[in-house]
Amino acid sequence: MSQKAPQPSPRKKTVRETHATGPRTLAIDIGGSGLKALVLGPEGKALDERRRVKTPKPATPKAVLRAIEKLIKPLGDFERVSVGFPGVVEEGVTKSAHNLHPDWVGFNLAEAVHQLTRRPVHVLNDAGVQGFGVIEGKGLEMVLTLGTGMGCALYIDGKYVPNLELAHHPFHGGKTYEDYVGQAALDRVGKKKWNKHVERVLQQIQPIWNPRQIYVGGGNARLLDIKLPPNVKITENIAGLLGGFALWKDEPRQR
Ligand code: BGC
């Protein structure tokens, strides 16, 4: 009796295989303290674990791009790239970067990431990307992010109003909003007082902007222990990557 050759055990289907149709998006979030990346499937779901490395210091475009190159190397394939950047972005060009390096002013980030990945690239302000991961698309919605800086983004019926830099608006005693609730303030005054600062910022914003809903995200949102008004929700920081999917929603499907 001939012996049957041992059969290889059926290969476990990976998430990537089960979502094989449609473009995958590499989402990158450039932050003042960390660079994060994740590949999203054709439906916008994470295909792998998020990867993170520390933002190089000084955070020049060259150093950050080199770090991004290393960060994304082990990730799976992708057909397009979304980047969240912590400053004003116009048509892929970065116009400010308070928490990175002055060399970012006037830097064509979309082109540089395209050179690196050979894929089409969209770049948007980081808070703007974050919002696309959480908004409902109804009425006036606002996103505030609490991290190294203070991010702010506004949406009307799901349409993004770009580059609202509330962070650098004077707030109190010669300080800007960001001076008041950014990482440096948290380090300086401690968690308890910083919570009070965030509370005051929310009280100031509400009657001026009158958003239907405010979403608070960013790495430090988890430190909040104030009673939040009913229209304020804390959201997961992963939205800063998941929101990258929406930057392609008006593009034709590519694969
Ligand atoms: C920048 C914003 C950014 C925020 C969070 C601020 O300093 O001016 O553009 O969204 O930090 O990263």
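One is the number of the first residue; the rest follow in order along the sequence. Atoms within a ligand are numbered from 1 in the order they appear, just like the ligands themselves.
Note on ring orientation: taking the six-membered ring where Trp is involved, the planes of His98 and His168 are parallel (angle under 30°, cut-offs 30° and 60°).
For the pair Arg200 and Tyr180, the cation does not sit on the ring face, since its NZ or CZ is not both under 6.0 Å from the ring centre and inside 45° of the axis.
Scored by the salt bridge (Lys or Arg N to Asp or Glu O under 4.0 Å) test, Lys62 finds no partners at all (sequence neighbours excluded). Not counting sequence neighbours, the partners of Tyr177 by the ring-ring contact (aromatic ring centres under 6.0 Å, His included) test are Phe171. Residues passing the side chain to side chain donor-acceptor pair (under 3.5 Å) test with Gln204: none are found, sequence neighbours excluded.
Across Gln130, Glu141, Lys233, a single residue satisfies side chain to side chain donor-acceptor pair (under 3.5 Å) together with Tyr215, and that is Glu141.
Protein residues are said to neighbour a ligand when one of their heavy atoms lies under 4.0 Å from it; for ligand 1 these are Pro86, Gly87, His98, Asn99, Asn125, Asp126, Gly149, Met150, Gly151, Glu165, His168, Glu178.
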